[in-house]
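Quick notes on the structure that follows.
The structure displayed is predicted, hence computed values, not measured ones. Residue numbering restarts at 1 for every chain, and letters A, B, ... go by the order of the sequence lines.
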Amino acid sequence: MDKAYDHAIVEDRIYKTWEEKGYFKPEINPDGAPYSIILPPPNANAPLHFGHAMYVVEDILIRFNRMKGLAALWVPGADHAGTETQFVFEKKLKEQGKSRLDYDRDTLYQMIWDYVHENRGGMENQLRRLGFSLDWSRMKFTLDPDIVKIVYSTFKKMFDDGLVYRANRLVNYCTFDGTSFSDLEVVNMEKEGLLYFIKFPIKEGGFITIATTRPETLVGDVAVMVNPEDARYKDLIGKTVILPIVEREIPIIGDDYVKMEFGTGAVKVTPAHDFNDYEIAKKHNLSYPPIIGFDGRMKNTNTELDGLYVKQARVKIFELLKEKDLLEKEEKHHMVIPTCYKCKNVLEPLPKEQWYIKMEPLAAKGIEAVKNGKIKIHPDTFEKVYMQFLENIRDWNISRQNVWGIRIPAWFCEKCSNWEIKDDGAPEKCSKCGSKDLVQDIDTFDTWFSSSQWPFATLMTTHARDYEKFYPTTVMETGYDILRWWVARMIMVGLYATDKIPFENVVLHGLVNDPLGKKMSKSKGNVVNPMELVDQYGADAVRFALIYGTALGHDQALSYPKLEAMRKFSNKLWNMGRFIEMNKPENLKLKTQNLEELKEFATNKTDKEWVEKVASLIKEVTENIENYQFHFAAESLYEFSWHQFADIYIEDVKNRVDENSYVVLVSIYSILLKLLHPFMPFITEEIYQKLPHHGESIMIASWLNNG
RNA sequence: GGAUCCUUAGCUCAGUUGGUUAGAGCGUUACAUUGACAUUGUAAAGGCCAGUGGUUCGAGUCCACUAGGGUCCACCA
């Protein structure tokens with residue numbers, strides 16, 4: 001053995017061997033009970049980040065259970081990541097001076113398809129470099145035709161069951177990305193803004209001053225509203241206000257929604273561009289067409305405002321009001337603005353027809369499944385977050401105006417306005433009126449709608465009988481940050497579509513932050529590429545550092561000293577092996593013993609004690625992994641290997657080594673390597689292969705017995 | 001405004017159902033060692049466990065409140 005462990009020459013070679021030998025397939029344990037995890041599919045065309053490196057938790061579980069003899073299946077996948085990918089692609093277009101609007105739908109789709117496929121394979125190889133024992137023969141992509149077909153049938157089933165409906169409502173619309181979003185995707189940004197106090201002339205004489213943060217929308221107002229209890233204004237209810245600039249007449253109405261103490265106690269009502277006003281106007285039977293278009297420009301005002309972007313319109317209207325002396329004052333105002341989670345621009349509430357899913361019946365089952373313990377969430381503190389989300393669930397807007405995604409299989413009949421939903425191709429004619437004048441909805445599904453079906457969609461389409469054998473899956477492991485976006489929806493949709501829970505356990509890991517504890521983000525420029533650390537420290541050290549010293553579900557700051565410590569730990573392990581190899585007796589006849597055999601074999605009193613010690617270590621590590629307390633297992637292994645086994649036992653045996661005690665030494669070491677293998681797969685395999693009488697591979701060695 | 005997590009050694013973090021002198025890694029100090037060890041070993045220093053009050057024979061751990069930080073949710077114009 002070389003003097004020091006060099007991960008660079010070991011890892012790639014070992015992974016290839018594993019893959020070639022088929023060790024990643026559950027068929028390696030044909031008689032084992034099923035154990036399955038579906039990998040949260042990373043974006044198909046983007047490199048991995050530290051969130052993905054945390055999937056090491058899944059590899060630990062898979063390797064551990066495989067060694068225990070279970071038919072352990074870990075299914076890899078790639079996500080088309082609709083909004084994300086189109087956003088990135090459009091940025092590329094912009095660099096070339098182009099935009100999505102320069103292409104028709106099919107051309108743009110094809111361009112993105114080509115772009116994604118040019119970049120395919122990168123993240124898969126990065127997962128390999130991390131040592132992940134994924135069954136690549138079962139790899140799935142969210143746009144695989146068989147997956148799409150399943151997504152279609154789920155949608156159709158929901159439609160047939162009355163869970164899908166189309167509604168014209170205000171949606172959160174990004175005029176830059178050109179799509180609407182669900183409530184979850186809205187990022188509320190706190191900002192210091194201005195509250196404008198504007199005098200509206202009253203037809204019957206005098207003025208009423210309203211306070212607003214959005215003066216430009218006054219051209220779309222339908223009313224001025226006051227609290228009927230408000231002594232200042234109650235006599236004005238029923239009178240008429242003449243809107244400045246557009247000179248349109250609107251009523252003053254009363255509604256106790258208005259808080260008297262805020263602003264002036266009088267508020268303008270813009271139904272087409274504010275969620276509250278939309279509800280209020282509906283209640284009072286008032287309406288006015290939108291004055292902001294999907295391009296973010298003003299329209300329908302018949303004034304010089306038309307064609308201006310909202311921001312420009314605000315400046316313009318400010319000037320106009322000032323000219324007419326209708327602007328009383330502005331105050332600084334702390335406000336919360338809905339912004340686009342991708343491009344960070346301000347979202348406009350705009351009225352649009354979209355497909356919605358009725359969530360309440362689905363949520364009820366999701367709540368039940370966790371309450372009755374069929375699905376367990378680890379750590380259990382996240383149950384509260386889950387419940388809070390499901391108990392306050394709102395209907396889910398699943399329409400996206402993206403091109404990159406699964407197109408909604410809904411056809412509109414131009415003749416009778418009927419919607420046809422099909423899961424097996426375009427309908428020939430309208431089932432209501434027989435017309436052949438059908439047009440498919442141009443929208444695509446929210447990526448999370450198809451993702452919510454991932455556990456069963458994958459297993460139904462990987463290998464024959466996979467679904468029967470491996471569904472429900474054993475564990476869904478992911479970052480807690482997508483508990484609501486993804487995990488909760490998988491539970492709801494999974495229960496609905498398959499009538500079974502999609503997984504028995506939810507295991508949630510924390511975030512990896514930068515060394516200063518700040519969230520990594522591209523805009524902050526503090527993103528660390530996990531692959532660079534794998535190059536530098538080795539996959540095993542990176543894996544161990546991510547697990548060691550951080551409780552499940554807790555965030556951690558990336559620590560270079562810790563990575564260095566774990567690299568040294570690798571080297572220490574290596575040198576323990578090196579010592580053992582160098583002290584191998586000539587013509588060693590006795591074979592390595594498993595734990596049970598060792599108990600008989602060890603005759604020396606000290607050796608006997610060490611056999612007991614390692615027996616309790618096995619118990620401890622096993623229990624900790626089974627309880628998802630990986631950091632405890634990692635700490636015990638680190639401490640025992642280094643400060644017990646190396647510092648004390650090896651030092652002791654050094655002076656009295658004979659063939660018998662040597663076998664005890666090798667055997668204990670071999671057990672240690674096996675216990676460490678789920679955490680540090682590469683180095684443990686490399687050393688294992690050098691031990692006397694070793695098995696075929698440590699990967700498929702038995703957790704407790706020889707093999 | 002609501003929810004939730006966090007505050008433990010200089011730094012990054014563990015501390016599992018409350019139980020004798022509170023732990024690890026890195027860093028610091030002293031000594032030793034070329035040993036299986038691009039090092040390692042031995043030893044040491046370093047902590048009113050954020051604060052206050054409570055429950056208890058006993059609290060870092062449970063409860064209440066306070067202060068600071070993070071995250072998530074929320075339609076106050």
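Within 4.0 Å of Met576(A), counting heavy atoms only, lies at least one base atom of the nucleic acid. Asp481(A) comes within contact range of no nucleotide atom at all, as no heavy-atom separation falls under 4.0 Å. Among the protein residues, Tyr638(A) comes within range of the sugar-phosphate backbone only, with heavy atoms under 4.0 Å from sugar or phosphate atoms but none that close to a base. Within the nucleic acid shown, Lys259(A) comes within 4.0 Å of at least one base atom, counting heavy atoms only. Residue Gln629(A) is in base contact, counting any heavy-atom pair closer than 4.0 Å across all strands shown. Across all strands, Trp642(A) comes closer than 4.0 Å only to sugar-phosphate atoms, never to a base (heavy-atom distances). When heavy atoms are screened at a 4.0 angstrom cut-off, Val267(A) is found touching base atoms of the nucleic acid. Base contact: Phe262(A) has a heavy atom under 4.0 Å from a base atom. Note on Ala551(A): only backbone sugar-phosphate atoms sit closer than 4.0 angstrom, heavy atoms only; bases stay farther off. Across all strands, His643(A) comes closer than 4.0 Å only to sugar-phosphate atoms, never to a base (heavy-atom distances). Nucleic acid contact for Val269(A): none, since no nucleic acid atom lies under 4.0 Å from a heavy atom of the residue. Nucleic acid contact for Tyr548(A): sugar-phosphate only, since backbone atoms but no base atoms lie under 4.0 Å from a heavy atom of the residue.
In this structure, C62(B) forms a base pair with G54(B), meeting either the Watson-Crick or the G-U wobble geometry with both donor-acceptor distances under 3.5 Å. Checking A32(B) for Watson-Crick or G-U wobble geometry (two distances, each under 3.5 Å) identifies U40(B) as its partner. Across the strands present, G25(B) finds its partner in C11(B); the criterion is a Watson-Crick or G-U wobble pair with both atom distances under 3.5 angstrom. With both pairing distances under 3.5 Å, G68(B) is matched to C6(B) as a Watson-Crick or G-U wobble pair. With a 3.5 Å ceiling on both atom-pair distances, A74(B) lacks any Watson-Crick or G-U wobble partner. Base pairing of U16(B): no nucleotide in any strand meets the Watson-Crick or G-U wobble criterion (both distances under 3.5 Å).
Using a 4.5 Å heavy-atom threshold, the side chains of Leu617(A) and Leu672(A) count as touching.
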- Task: Verify salt bridge (charged side-chain N to carboxylate O under 4.0 Å, His left out) between Glu581(A) and Lys584(A), making sure each step is shown before the conclusion.
- Result: CA-CA 5 Å; Glu581(A) 191 198 44; Lys584(A) 184 175 153 189; over 6 Å; no
- Evaluate side chain to side chain contact (heavy atoms under 4.5 Å, CB included) for Val219(A) paired with Met298(A), printing each intermediate quantity in order. CA-CA 10 Å; Val219(A) 295; Met298(A) 305 292 288; 3.9 Å; yes
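The pair Glu84(A)-Lys342(A) meets the salt-bridge criterion, since a charged nitrogen lies less than 4.0 angstrom from a carboxylate oxygen. Residues Asp607(A) and Arg656(A) are paired through a salt bridge, judged by an N-O separation under 4.0 Å between the basic side chain and the carboxylate. The residues Lys619(A) and Glu623(A) are annotated as salt-bridged, a charged nitrogen and a carboxylate oxygen being separated by less than 4.0 angstrom.
The shortest distance between the side-chain N/O atoms of Arg484(A) and the OP1/OP2 oxygens of C73(B) is below 4.0 Å.
No side-chain donor-acceptor contact under 3.5 Å links Arg489(A) to the backbone of Ser451(A).
Relative to the ring axis of Tyr196(A), Arg214(A) does not place its NZ or CZ within 45° and under 6.0 Å from the centre. Geometrically, Arg169(A) engages Tyr356(A) in a cation-pi contact defined by less than 6.0 Å to the ring centre and at most 45° from the axis.
The listed nucleotides are A38(B), U4(B), G2(B); the one nearest the side chain of Asn571(A) is A38(B). Checking A77(B), C26(B), A74(B) against the side-chain heavy atoms of Val258(A) singles out A77(B) as nearest. Residue Ala4(A) has its side chain nearest to A38(B) when only A36(B), A38(B), G25(B) are considered. Closest contact between the side chain of His333(A) and the listed nucleotides A77(B), A14(B), U40(B) involves A77(B). Each of U40(B), A36(B), A74(B) was ranked by its minimum atom distance to the side chain of Lys568(A); first place goes to U40(B). With U16(B), U40(B), A14(B) as the choices, the nucleotide that has an atom nearest any side-chain atom of Thr550(A) turns out to be A14(B). Of the candidate nucleotides A77(B), C6(B), G15(B), G15(B) has the atom nearest to the side chain of His631(A).
When the C1' atom of A36(B) is taken as reference, atom CE of Met582(A) falls 6 Å away, rounded to whole Å. The distance from atom NE2 of His273(A) to atom P of A77(B) is 18 Å, rounded to the nearest whole Å. What separates CG of Asn624(A) from C1' of U17(B) is a distance of 15 Å, to the nearest Å. Between the CG atom of Leu483(A) and the P atom of C73(B) there is a distance of 11 Å, rounded to whole Å. Summarising the geometry, the separation between CD on Gln388(A) and P on A3(B) is reported as 9 Å, rounded to the nearest angstrom. Rounded to whole Å, the distance from CD1 on Ile650(A) to P on U40(B) is 14 Å.
Applying a 4.0 Å cut-off to non-hydrogen atoms, the residues of residues 651-660 of chain A that approach RNA chain B are Glu651(A), Lys654(A), listed by residue number. Contacts with RNA chain B (heavy atom under 4.0 Å) in residues 209-225 of chain A: Ala211(A), Thr212(A), Thr213(A), listed by number.
Taking atom C1' in both U20(B) and G60(B), one finds a spacing of 16 Å when rounded to whole Å. With P as the reference atom, G23(B) and A9(B) are 14 Å apart, rounded to whole Å. For A45(B) and A64(B), the C1' atoms lie 38 Å apart once the distance is rounded to whole Å. Taking atom C1' in both G27(B) and A74(B), the straight-line distance is 45 Å, to the nearest Å. With P as the reference atom, U28(B) and U71(B) are 32 Å apart, rounded to whole Å. Spacing of C1' atoms, U8(B) relative to G51(B), comes out at 14 Å, to the nearest Å. For the C1' atom pair drawn from A77(B) and C62(B), the interatomic distance equals 45 Å after rounding to whole Å. Annotation: U12(B) and U34(B) have their P atoms spaced 38 Å apart (nearest Å).
Sequence order on RNA chain B of the closest nucleotides to Asp647(A) and Pro561(A) puts Pro561(A) first from the 5' end.
The glycosidic torsion of A32(B) lies more than 90° away from 0, placing the base in the anti range.
Evaluation of the salt bridge (charged side-chain N to carboxylate O under 4.0 Å, His left out) rule for Asp277(A) yields no partner, not counting sequence neighbours.
Per the stacking criterion (ring centres < 5.5 Å, plane angle < 30°), Phe632(A) stacks onto the base of U16(B).
Using modelled atom types and a 3.5 Å distance limit, the side chains of Tyr257(A) and Asn227(A) yield no donor-acceptor pair.
Counting non-hydrogen atoms of neighbouring residues, nucleotides and ligands closer than 6.0 angstrom, the CD atom of Glu626(A) exceeds 12 such neighbours.
Using a 30° and 60° split on the angle between ring planes, Phe645(A) and Phe640(A) fall in the parallel class, below 30°.
Atom-to-atom distance recorded for Phe389(A):CZ and Ile367(A):CD1 is 10.5 Å, nearest 0.5 angstrom.
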